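Let me begin by presenting the structure, written as C-alpha cells, before commenting on it.
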Amino acid sequence: MAKLHLYNTLTHKKEEFEPIKDKTVGLYTCGPTVYNFAHIGNLRTYIFEDILKRSLLYLGYKVKHIENITDVGHLVSDADEGEDKMMKALKREGLKPTVASLLKIAAKYTQAFKDDIKRLNILPPTKWTPATDHIKEMIVLNKEIVKNGYAYETDDGLYFDTAKFPNYGQLANLAQADLLAGARVAVNEKKRHPHDFALWIKAVGENKNHVMVWPSPWGKGFPGWHLECSAMSMKYLGKHFDIHCGGIDHIPVHHTNEIAQNEAAGGQRVVNFWLHSAFLVVDQKRMGKSEGNLLTLQTAVDHGFEPLAYRYLCLQVHYRQTLNFSWEALTAAQNALKNLRQTVAAYDQSKIGCAEYETKFLEAINDDLNMPKALAVLWQLVDDKTLPSGSKKQTLLKFDQVLGLGLSAVKIEKIPAAIKKLAEQRLQARKNQDWEKSDEIRTEIERQGYIVEDTKGSFMVKPKR
Ligand code: AMP
Ligand code: ZN
C-alpha cells in the first residue's frame with residue numbers, strides 16, 4: 001500500500017512523507033492572533049491541522065507540536081502598516097493603553113481560543129508559545145540576518161532586503177506572489193522594494209504610543225509579525241524540522257517571509273513540508289474580518305448546533321478545497337453526526353475489527369488526508385449488513401482516533417425491555433417467514449420511538465432521530 005503522501009506547497013506536488021528523524025515528527029502550526037474571538041474560518045484551519053496530527057499519531061508517529069500565540073506585532077495590514085491588532089483591540093474594548101490591559105486582552109482571547117478548540121476535539125499542542133515570551137530569541141535571529149547582509153535599517157524599522165534573497169517567492173510561485181503582493185501590499189515609502197518586510201518596528205510615528213516595546217540594537221520597538229514563527233519554530237523544533245502549516249492566506253506573505261528569514265539566518269532549508277488549507281467561504285466570499293461575515297463557534301452553538309457538527313462539516317470537504325458554509329449544510333452535518341453516534345452507541349463491542357475497511361481508511365489518509373473518502377468508507381462500513389455490529393464498532397472507534405467526532409464518549413442509550421421483547425417477537429416472525437406480523441411489529445416499535453434494523457441473524461434497535 002502507498003505510504004503517507006502530502007501536498008507540499010513548496011514543491012507544488014504530493015510527496016511521500018518521511019520524518020527527518022526516527023519516528024518523531026516536528027510540527028509547527030501558526031496560532032491565533034489573540035485580539036478577538038476566532039471565527040469558524042480560522043477554526044477550519046485548526047481542524048485541518050488536527051486531522052494531520054491525529055493521522056500522524058494513527059500511523060504510529062510521535063508528534064512534537066508547537067503553536068504560537070501572536071500577542072504582539074501583527075499589524076492591521078500585511079504591508080507593515082497600520083496599528084498592531086492588539087492595540088486596536090484595546091481601543092475597541094475601551095481599555096487604558098497599558099501593558100496590563102494588553103495582557104488582559106491577550107489572556108481573554110487566548111482562553112476563548114483554547115475553549116473553542118477543546119469543544120472541537122482539537123488536541124492541544126505539546127507547547128503553546130506566546131510571542132511576547134520570545135523577544136530575546138527574535139532579536140538574536142535578527143542579528144544573524146543583519147550579520148549575513150539581508151537587512152537594512154530605516155528611521156522606522158529594520159527591514160528584510162528581499163532583493164538579496166533569490167529564492168524569495170518560491171513558496172507562492174513568484175509570479176503569483178507578485179500579483180498578490182501588488183494587490184495587497186501597499187508601498188511603504190521607506191522600503192526599497194514592496195516585498196521587503198519589517199523585522200523590527202521602531203516605536204516612532206504611528207507606533208510611537210505602542211504599549212509593548214523592548215530595547216534592541218535598532219532602537220526601542222517590537223518585532224515584525226513573521227519573526228516570531230521563525231524564531232520559535234527553530235527554537236523548539238530545531239534548524240531542520242518536518243511540517244509547517246497554516247491557511248492559504250499565509251502562503252504569499254507570512255510563510256514566504258518566514259522562509260526568507262530562516263534561510264537568511266541559517267543558510268539552509270529549515271522546513272521540509274509546507275501544508276496549507278483552503279478558505280471557508282460564505283456566498284463565495286472568504287470569511288474574514290474585512291468581509292464583515294464573521295461567525296464564531298459560539299454563534300453556531302447559540303443556533304442550537306453542537307460544535308462537533310462543524311467539525312463533521314469540515315471533514316466532508318478536502319482541506320485543499322474551498323468549503324462553502326451554509327446553515328443547511330451545518331444542519332445536514334449535525335443530522336449525520338447524530339445518526340452516526342446513535343448507530344455506534346447501539347452496537348456491542350468486540351475485540352476484532354474489520355480489516356478490509358481499516359485498509360481502505362488508511363488508503364484515504366495516505367492520499368493527502370482525504371477525509372471525504374474516509375467518511376465514505378465509514379458509511380460503507382455502517383451499511384454493511386454482512387458484518388457483526390461488534391466488529392463494526394471496534395473499527396469505527398479506531399477511525400474516530402483520526403476523525404475526532406467523540407464517538408466513544410457516547411453513552412449507550414438503554415433500550416426499554418418492552419421494546420427489546422417486541423424486536424425479539426419480530427425476529428421470530430421473520431424466522432417463520434410471517435412478513436405481515438414482522439411489519440406490524442416494526443410499525444409498533446417505530447410508534448414507540450425506536451427503529452429496528454436487521455443484522456446477520458439478529459437485530460439492532462436504536463432510538464429514532
Ligand atoms: P489569524 O488569527 O488571523 O492569524 O488566523 C489564524 C488562522 O486562520 C491562519 O492560519 C489563517 O490562515 C486562517 N484563516 C483565516 N481566515 C480563514 C478562512 N476564511 N478560512 C480558513 N482559514 C482561515
Ligand atoms: Zn506564523
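Just so we're clear, the structure is a prediction, and the values are computed from it rather than from any experiment. Numbering starts at 1 and runs along the sequence shown. Just so you know, ligand 1 is whichever comes first in the structure, and atom 1 is the first atom listed for that ligand.
Here the protein heavy atom with the shortest distance to atom 23 (C) of ligand 1 is Gly41 O, 3.5 Å. In terms of protein heavy-atom proximity, atom 9 (C) of ligand 1 is closest to His250 NE2, 3.4 Å. For atom 15 (C) of ligand 1, the closest heavy atom belonging to the protein is Asn42 ND2, 3.2 Å. From the protein, the heavy atom lying nearest to atom 16 (N) of ligand 1 is Arg286 NH2, 3.1 Å.
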- Task: Any chance you could lay out the side chain to side chain contact (heavy atoms under 4.5 Å, CB included) test for Phe113 and Glu67, step after step, and finish with the verdict?
- Result: CA-CA 12 Å; Phe113 180 73; Glu67 183 160 318; 3.6 Å; yes
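The distance from ligand 1 to the heavy atoms of Leu280 drops below 4.0 Å at these ligand atoms: 18 (C), 19 (N), 20 (N), 21 (C). The atoms of ligand 1 that sit less than 4.0 Å from any heavy atom of Thr45 are 10 (O), 13 (C), 21 (C), 22 (N), 23 (C). Close approach of ligand 1 to Pro32 is summarised as follows: ligand atoms under 4.0 Å from at least one heavy atom of the residue are 2 (O). Ligand 1 places these atoms under 4.0 Å from at least one heavy atom of Met287: 16 (N), 18 (C), 19 (N). Numbered from 1 in the order shown, with element, the atoms of ligand 1 that lie under 4.0 Å from a heavy atom of His39 read 16 (N), 17 (C).
Distance alone, capped at 3.5 Å, is enough to place a donor-acceptor pair between the Thr395 side chain and the Cys354 backbone. Within the 3.5 Å criterion, the main-chain N or O of Thr162 finds a donor-acceptor partner in the side chain of Asp196.
In this structure, Lys235 pairs ionically with Glu137, as a charged nitrogen and a carboxylate oxygen lie closer than 4.0 Å.
Its N, O or S atom nearest to the Zn ion (ligand 2) is what matters here, and for His254 that atom is NE2.
Considering backbone and side-chain N/O atoms, Trp225 never comes within less than 3.5 Å of an N/O atom of ligand 1.
With a 4.0 Å cut-off on non-hydrogen atoms, Ala278 touches ligand 1 through its backbone and not its side chain.
Using bins of under 30°, 30° to 60° and over 60° for the plane-to-plane angle, the ring pair Phe17/Tyr61 lands in the perpendicular bin.
Using a 4.5 Å cut-off on side-chain heavy atoms (C-beta onward), Trp218 and Val146 make contact.
With the Zn ion (ligand 2) as the vertex, SG of Cys30 and SG of Cys229 span 130° to the nearest 10°.
Residue Asp249 holds the heavy atom nearest to atom 11 (C) of ligand 1 of all those in Ile248, Asn36, Thr70, Asp249.
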